[in-house]
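Step one of this worksheet: look at the structure below.
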Amino acid sequence: MSTRHPGVPAPKAEANFALRMRLLREARGISQAEIAARVTRMGMALPQQTIARIETGKRSLRLDEATAIARALSVDLFDMLSDPVEVRDARNQLKAAEADLGSLRAARLDADVELEKLDRARAELSVRVKQFQEEEARMEAVTEYLRAAVAELDKGDE
């Protein structure tokens, strides 16, 4: 556990990790204490204060710690280390994501409408099938009756 010397900037990958860690955690509404608890459940004791120091760049982190934190956030470690250029373009990304979400919701609503139509059609077909089955049973009874009547006629003709 090394500490940061005042005035010495963090290496780029580590700074990227700390920034993404904070942004993802906040965006998901997860507290530093919850991240610490998740990492601890994975077998690595990192108290909330340590999480705070990592996020602010006041403490370096080891690779195993970075891996555990990334897993606790359900994010690929490589993504956590990569340049956060995308973060700087967050407004455009947000607009695009909201547009995609709107499109997905519209498509889901269309699918729901189609499903309702299919459900109604299925119900109507079920009623028709039952009617056909009832008619078929009635016709079988008529056919049996007529067979019996023809058999009686045939006996009389002999």
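Please read these numbers as outputs of a predicted model, since none were measured by experiment.
Counted within 6.0 Å of CZ on Arg71, heavy atoms from surrounding residues, nucleotides or ligands total 12 or fewer; the atom is thus considered open. Around atom CZ of Arg128, no more than 12 heavy atoms belonging to other residues, nucleotides or ligands sit under 6.0 Å away.
Note that the CE atom of Met139 and the CG atom of Leu146 stand 8.5 Å from one another [nearest 0.5 Å]. Considering CG of Asp79 and CG of Asn16, their distance stands at 11.5 Å, rounded to 0.5 Å.
Residues Ser126 and Arg122 meet the side-chain proximity criterion, which asks for heavy atoms closer than 4.5 Å. Side-chain contact between Ile51 and Ile69: present, with at least one pair of heavy atoms (C-beta onward) separated by less than 4.5 Å. The closest side-chain heavy-atom distance from Lys130 to Glu134 is below 4.5 Å. Looking at heavy atoms from C-beta onward, Arg20 lies out of side-chain contact with Val75 at the 4.5 angstrom threshold. For the pair Glu65 and Arg59, the minimum side-chain heavy-atom distance is below 4.5 Å.
The heavy-atom pair separating Leu46 from Thr40 by the smallest distance is N-OG1, 3.9 Å.
Residues Arg120 and Glu124 are not paired through a salt bridge, judged by the lack of any N-O separation under 4.0 Å between the basic side chain and the carboxylate. A salt bridge does not link Glu98 with Lys95: every distance from a Lys NZ or Arg NE/NH1/NH2 to an Asp or Glu carboxylate oxygen is 4.0 Å or more.
Applying the 4.5 Å side-chain rule to ILVMFWY residues, one finds that Val113 remains a lone member of its cluster.
Glu26 is linked by a side-chain hydrogen bond (donor to acceptor under 3.5 Å, both in side chains) to Arg22, counting only residues two or more places apart in sequence or in another chain.
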